[in-house]
Participant: 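One structure, as structure tokens, below. Some questions next.
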Amino acid sequence: MALDTSYIGRTYPASPVYEVSRAKIREFAEAIGDDNPLYTDPAAAQAAGYPDVVAPPTFLTIINLAAINIVITDPELGLDYGRMVHGDQRFTYTRQVHAGDQLRAVVHIDDIMYRAGNDFINLRADIWDASDQIVVVTRAQLVVREAVKPEEVPA
């Protein structure tokens with residue numbers, strides 16, 4: 001069943017504030033195996049012109065995934081999570097994220113398409129800081145496979 005295209009343009013409420021910490025940045029950098037000192041050493045980050053350690057580019061997946069889950073679990077949208085796969089993800093930064101940032105995400109449904117038996121839903125999350133400036137815009141495409149009807153399953 002195709003997703004309801006009347007949801008195109010829907011905006012969801014802002015996520016709770018996420019405070020970026022040195023510890024979380026360090027954990028993320030270790031998890032991805034990146035030993036860049038800008039992620040762990042405040043002095044190195046400050047020498048490079050940042051106020052504190054900076055987050056790796058994909059760190060905001062932490063915030064973005066939680067925000068996208070608000071859409072995925074919207075019962076009115078009717079997205080079948082068991083048939084969903086993550087098709088694409090992009091991040092566009094206006095500035096580097098660093099420890100001490102207090103961020104919140106606002107998710108928008110930019111488009112819903114139906115092609116070749118699959119629903120495609122394009123989501124955008126604007127991630128704002130405490131000064132009400134957009135720090136990052138993320139874009140994700142989710143693909144929801146169509147259910148196979150019992151009569152279409154080969155014997």
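FYI, the numbering just counts along the sequence from 1. No hydrogens, no waters, no symmetry mates; every other heavy atom, side chains included, goes into these values. The shown structure was predicted, so the numbers you read here are calculated from the model rather than taken from an experiment.
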Participant: Would you give the length of the straight line joining atom CD1 of Ile72 to atom CG of Leu142, rounded to the nearest 0.5 angstrom?
Facilitator: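 The CG atom of Leu142 is 5.5 Å from CD1 of Ile72, to the nearest 0.5 Å.
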
Participant: Counting C-beta onward and ignoring hydrogens, is there a side-chain heavy-atom pair between Pro56 and Phe28 closer than 4.5 Å?
Facilitator: yes

Participant: Does Val17 belong to the same Ile/Leu/Val/Met/Phe/Trp/Tyr cluster as Ile127, with side-chain heavy atoms less than 4.5 Å apart forming each link?
Facilitator: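 No, Val17 does not connect to Ile127 through the hydrophobic network.
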
Participant: Hydrophobic clusters here meaning ILVMFWY residues chained together by side-chain heavy-atom distances under 4.5 Å, can you tell me if Ile62 and Phe91 are in one?
Facilitator: yes

Participant: Minimum heavy-atom separation for Val53 and Tyr39, please, with both atom names.
Facilitator: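 Nearest heavy atoms, Val53 then Tyr39: CB-O, 3.8 Å.
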
Participant: Please find the pair of heavy atoms, one from Ile25 and one from Ala99, that lie closest to each other, and give the distance.
Facilitator: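 Scanning both residues completely, I find the closest heavy atoms to be CD1-N, 3.7 Å.
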
Participant: Please tell me whether Tyr81 and Ile70 are part of a single hydrophobic cluster in this structure, the criterion being side-chain heavy atoms less than 4.5 Å apart.
Facilitator: yes

Participant: Between His86 and Ala140, what is the shortest heavy-atom contact and its length?
Facilitator: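 The answer is NE2-CB, 3.9 Å.
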
Participant: Find the distance between CG (Leu103) and CZ (Phe59) and round it off to the nearest 0.5 Å.
Facilitator: 8.5 Å

Participant: Between Asp110 and Arg139 (salt bridge meaning N to carboxylate O under 4.0 Å), is one present in this structure?
Facilitator: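 Salt bridge between Asp110 and Arg139, a charged N being under 4.0 Å from a carboxylate O: yes.
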
Participant: If you define the side chain from C-beta out and look only at heavy atoms, does anything of Phe120 sit under 4.5 Å from Gln141?
Facilitator: yes

Participant: Check whether any side-chain heavy atom of Ile121 sits under 4.5 Å from a side-chain heavy atom of Leu77, and report yes or no.
Facilitator: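 Contact flag for Ile121/Leu77 side chains = yes.
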
Participant: May I ask you to decide whether Asp101 forms a salt bridge with Arg95, counting only side-chain N to carboxylate O separations under 4.0 Å?
Facilitator: yes

Participant: With a 4.5 Å heavy-atom cut-off, do Val144 and Asn118 have their side chains touching?
Facilitator: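 Not in contact.
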
Participant: Given His108, which of Asn122, Leu123, Asp126 fulfils the side chain to side chain contact (heavy atoms under 4.5 Å, CB included) condition?
Facilitator: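 Option passing the side chain to side chain contact (heavy atoms under 4.5 Å, CB included) with His108: Asp126.
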
Participant: Measure the spacing between CG of Leu38 and CG of Asp52 and express it to the nearest 0.5 Å.
Facilitator: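 Output value for this atom pair is 11.5 Å.
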
Participant: If you apply the rule side chain to side chain contact (heavy atoms under 4.5 Å, CB included), what do you find for Val136 with Thr94, and how did you get there?
Facilitator: CA-CA 6 Å; Val136 180; Thr94 58; over 6 Å; no

Participant: Is any side-chain heavy atom of Leu3 less than 4.5 Å from a side-chain heavy atom of Tyr114?
Facilitator: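 Side-chain contact under 4.5 Å: no.
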
Participant: Could Arg10 and Asp74 be called an ion pair, given the rule that one side-chain N must be under 4.0 Å from one carboxylate O?
Facilitator: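 The answer is yes: the pair qualifies as a salt bridge.
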
Participant: Mind listing the closest non-hydrogen atom pair of Thr5 and Ile112 along with its distance?
Facilitator: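 The pair with the smallest heavy-atom distance is CG2-O, 3.9 Å.
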
Participant: Could you tell me if Arg104 sits above the aromatic ring of Tyr18, with its cationic atom closer than 6.0 Å to the ring centre and no more than 45 degrees from the axis?
Facilitator: no

Participant: Check whether any side-chain heavy atom of Asn64 lies under 4.5 Å from a side-chain heavy atom of Gln89, and answer yes or no.
Facilitator: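 When only atoms from C-beta onward are counted, Gln89 and Asn64 do touch, with a gap below 4.5 Å.
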
Participant: Distance check, rounded to the nearest 0.5 Å: Glu19 atom CD versus Gln102 atom CD?
Facilitator: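 It is 4.5 Å, given to the nearest 0.5 Å.
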
Participant: List the steps and the verdict of side chain to side chain contact (heavy atoms under 4.5 Å, CB included) for Arg22 and His98.
Facilitator: CA-CA 8 Å; Arg22 287 179 183 169; His98 56 78; over 6 Å; no

Participant: Report yes if the side chains of Val106 and Tyr12 come closer than 4.5 Å at any heavy-atom pair, otherwise no.
Facilitator: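 Not in contact.
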
Participant: Side chain to side chain contact (heavy atoms under 4.5 Å, CB included) between Tyr93 and Leu60: does it pass, once the steps are laid out?
Facilitator: CA-CA 11 Å; Tyr93 282 79; Leu60 290 182; 4.1 Å; yes

Participant: Would you check if Thr73 and Leu79 make a side-chain contact, meaning some heavy-atom pair closer than 4.5 Å?
Facilitator: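 Thr73 vs Leu79: side chains apart.
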
Participant: To the nearest 0.5 Å, what is the distance between CD1 on Ile68 and CZ on Arg124?
Facilitator: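 Answer rounded to 0.5 Å: 12.5 Å.
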
Participant: Apply side chain to side chain contact (heavy atoms under 4.5 Å, CB included) to the pair Arg145 and Val85, showing each step before the final yes or no.
Facilitator: CA-CA 8 Å; Arg145 300 179 324 259; Val85 295; 3.8 Å; yes

